[in-house]
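Beneath this line is the structure, given in structure tokens, with notes to follow.
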There are 2 protein chains.
Amino acid sequence: MISDIQQIRSFNREVTRRIGVLHHQFLGRNRPVGESRLLFEIGTVGKEVRALRTKLGLDSGYVSRLLRSLEKQGLVETVAAPRDARARVARLTLSGLKERQELDRRSDDAATSLLTPLDKNQRHRLLAAMAEVERLLGVGDLKISKEPADSPLANWCLAQYYAFLEDRFEEGYDPAQGQRTDSKEFSPPEGVFLVARRGMEPVGCGALKSAQPGIGEIKRLWVAKSTRGLGLGQQLLSALEKEARLLGMSAIRLDTNRSLTEAKALYLKNGYVEVQRFNDDPYPDFFFEKTLT
Amino acid sequence: MISDIQQIRSFNREVTRRIGVLHHQFLGRNRPVGESRLLFEIGTVGKEVRALRTKLGLDSGYVSRLLRSLEKQGLVETVAAPRDARARVARLTLSGLKERQELDRRSDDAATSLLTPLDKNQRHRLLAAMAEVERLLGVGDLKISKEPADSPLANWCLAQYYAFLEDRFEEGYDPAQGQRTDSKEFSPPEGVFLVARRGMEPVGCGALKSAQPGIGEIKRLWVAKSTRGLGLGQQLLSALEKEARLLGMSAIRLDTNRSLTEAKALYLKNGYVEVQRFNDDPYPDFFFEKTLT
DNA sequence: ATCATTATCTGACTTTAGTCAGATAAATAT
DNA sequence: ATATTTATCTGACTAAAGTCAGATAATGAT
């Protein structure tokens, strides 16, 4: 029987080898990898040089030299950044865009070539397994942190949350119909707003407010589709309960819609018990409460 | 909805990036990658330089130089090959072995570090998904070819096949008890022996012999555990039927044990129909025949 | 106005990863 | 015995990838 560690090492070896070969075959035509990476990273609308540097993790001098080389090839032009004339923005020229498109096309071809030997069922299995590996490898850098409840990040998460509800609720969802909450209620010292990130990307959120003295209420618990099944909902819930304890709350209540079966299961698993309806919000069907110990 | 190609590209990007970082953190301490690869490939018992060259796909001069560098560091020594004084064998010295062990340990640590953020269930899912990806990516280089039925390769496959039967049959399996077949029967012009490989590694086999004039018999159909679920059994069966047609056979018969449910399903799916027992071999429970068109 | 900081660029350098054309010596074929 | 082939090595070369120490110019802080 192959051990867990052997399985991982074998995966690492085989998969990187295979993808490396693929990359070489399809992309490694004539341009050094550094230049191709840069061409890609600049994107269709251009990007500041400092952004390129941090994103690719390269030395400033090195990036500069790569840009000069791409400029000489007529693929890139750099102009001063609009607000800060020290910084520069690199943009693709017309032929740079064409070149990037070509790289993009080849990258697609490389991806396609992995599917061609497979039948329909096998393709489906491969894609599912790839998604699973990618998701699970991402668990390591899930981080939960407090954010100002009125920050662009928090608002972005809320927009995702509302879109999700709109999609999931049989009756649709209109934020204006729901119970209105001022972002101040989710701010210290009354409450808190947590955002979960994978790397830089926000993938979940949750908010705590004070419902009555000593009783907290959890709202806006959202987990991005790409991150479901990784226990992030549980992590957020635990983190919110911890915050509630720190705020001296002795109980937490929350409500949920009948369509959100995973959420209901999560609450039950965490010792929440069903109670009488405690608001007249039209969306929730179930009301829960838990005493914090 | 993320497209298939986007999913694959995202997988390629994320997984290679992540494994690359890991590799760098754990292994990329102070030695160039080329030297580490060589250190690894030499193995604990030493290896001929030409083998190193072909295995790693490197230029002869380059390998030579890498070996000199490792020699200077006291990690490797080269001696003339026992039978051919032109060739040389590279062997690890004591400190070379230690160094390799250290690399091995770090590689294990790197693998382990992927598992640590996961709970038991997630670990299981990650490992399963990795195995699935690895297997399915390997489908592309499955190759079936004729082999001499008495070659070491064929015998290796047969040994695997017998071990599999021993493991699978309720009553165990002893090759000496089964119907005896001379390897000549599986050789042209009477029959054929096919071996399936993934890359270099043999992962399946199947044999065809002449049972009666114009009637072929398929024996020794084996698919390695690591390759099951990829349709290799089907490929081997189709290839054997094709060979039978080329040999002018008008029908094929075969037998199988009740424990080999996948095999039975495969035969039924391919139009084989159950017939009367046609031998007194103690192992088979079912007997099939198919008319070739 | 002055000073420190930030963003980029340039020149000079290094290491890594190779390639290629012989040179050398042993083995094999004739 | 001689010629050819094979396996390795050495010297001379190149390209890619990156590092580091200033130089320069714009910005922000005091």
Side-chain angles (χ1 to χ4, degrees), chain A residues 16-17 20-21 23-25 27-42 46-73 75-91 99 103, chain B residues 16-17 20-21 23-25 27-42 46-73 75-91 99 103:
Chain A
T16 49
R17 188 184 58 77
V21 169
H23 231 254
H24 195 75
Q25 274 181 0
L27 302 174
R29 286 295 190 232
N30 33 27
R31 204 182 308 288
V33 199
E35 291 186 8
S36 293
R37 287 217 296 159
L38 207 50
L39 219 47
F40 231 97
E41 201 54 43
I42 290 171
K47 200 173 255 178
E48 284 198 2
V49 173
R50 53 184 152 189
L52 295 172
R53 220 168 37 218
T54 52
K55 183 84 191 211
L56 297 176
L58 298 176
D59 175 86
S60 133
Y62 187 33
V63 168
S64 184
R65 219 173 298 281
L66 287 172
L67 284 172
R68 288 304 82 67
S69 165
L70 289 171
E71 257 174 351
K72 208 182 286 172
Q73 296 168 61
L75 302 175
V76 160
E77 53 193 9
T78 55
V79 293
R83 307 227 147 255
D84 183 345
R86 290 170 302 181
R88 319 214 79 206
V89 171
R91 265 203 327 244
E99 194 60 29
L103 282 178
Chain B
T16 49
R17 186 184 59 77
V21 169
H23 231 255
H24 196 73
Q25 274 181 1
L27 303 174
R29 286 296 190 228
N30 34 25
R31 204 182 308 289
V33 206
E35 290 185 10
S36 292
R37 287 216 297 159
L38 207 49
L39 218 47
F40 231 97
E41 201 55 43
I42 290 171
K47 201 173 252 178
E48 284 199 359
V49 173
R50 54 184 151 189
L52 294 172
R53 220 165 40 217
T54 52
K55 183 83 191 211
L56 296 175
L58 299 175
D59 175 85
S60 133
Y62 187 33
V63 169
S64 184
R65 218 172 299 280
L66 286 172
L67 284 172
R68 287 305 81 67
S69 164
L70 289 171
E71 258 175 350
K72 209 182 287 171
Q73 296 169 61
L75 302 175
V76 160
E77 53 192 9
T78 55
V79 293
R83 307 225 146 255
D84 183 346
R86 290 170 303 183
R88 320 213 78 206
V89 172
R91 265 204 326 244
E99 194 61 29
L103 283 177

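Quick caveat, the model's predicted, so the values are computed rather than measured. Residue numbers start from 1 in every chain, and the chains themselves are labelled A, B, ... in the order their sequence lines are given, proteins ahead of strands.
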May I have the distance from [X] (atom [atom1]) to [N] (atom [atom2]), rounded to whole angstrom?
{"X": "A:R37", "N": "D:dG18", "atom1": "CZ", "atom2": "C1'", "answer": "12 Å"}
{"X": "A:L66", "N": "C:dT8", "atom1": "CG", "atom2": "P", "answer": "14 Å"}
{"X": "A:L56", "N": "D:dT19", "atom1": "CG", "atom2": "C1'", "answer": "17 Å"}
{"X": "A:R50", "N": "D:dA25", "atom1": "CZ", "atom2": "P", "answer": "19 Å"}
{"X": "B:D59", "N": "D:dA12", "atom1": "CG", "atom2": "P", "answer": "17 Å"}
{"X": "B:K47", "N": "D:dA7", "atom1": "NZ", "atom2": "P", "answer": "17 Å"}
{"X": "A:R88", "N": "D:dT27", "atom1": "CZ", "atom2": "C1'", "answer": "16 Å"}
{"X": "B:L38", "N": "C:dT16", "atom1": "CG", "atom2": "C1'", "answer": "15 Å"}

A:R86 (side chain) and D:dG28 (base): donor-acceptor pair under 3.5 Å: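 Between D:dG28 and A:R86, which were checked side chain against base, a qualifying N/O pair under 3.5 Å is absent.
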Which heavy atom of [X] sits nearest to which heavy atom of [Y], and what is that distance?
{"X": "B:S69", "Y": "B:E35", "answer": "OG-OE2, 2.6 Å"}
{"X": "B:R91", "Y": "B:G46", "answer": "CG-CA, 3.8 Å"}
{"X": "B:A90", "Y": "B:V76", "answer": "CB-CG1, 4.4 Å"}

Any donor-acceptor N or O pair under 3.5 Å, side chains B:R50, B:T54: no
If you check the [X] side chain, which of [options] turns out closest?
{"X": "B:L58", "options": "C:dG18, D:dA7, C:dC9", "value": "C:dG18"}
{"X": "B:Y62", "options": "C:dA17, C:dA26, D:dT19", "value": "C:dA17"}
{"X": "A:S64", "options": "C:dG18, C:dT19, C:dT10", "value": "C:dT10"}
{"X": "B:V33", "options": "C:dA17, D:dC9, C:dT19", "value": "C:dA17"}
{"X": "B:A87", "options": "D:dA7, D:dC20, C:dC20", "value": "D:dA7"}

Phosphate contact (D:dT10 OP1 or OP2) by B:R68 side-chain N/O below 4.0 Å: yes
N or O in side chain of A:R53 less than 4.0 angstrom from C:dT8 OP1/OP2: yes
Note: B:R53-B:E48 ion pair, threshold 4.0 Å (strictly below): no
Residue met sooner reading DNA chain D from 5', once A:A85 and A:R65 are mapped to nucleotides: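 The 5'-side residue here is A:R65.
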Nearest-nucleotide comparison on DNA chain D, the residue closer to the 5′ end among A:E35 and B:D84: B:D84
Touch class at under 4.0 angstrom, heavy-atom based, for A:G61 against every strand present: base
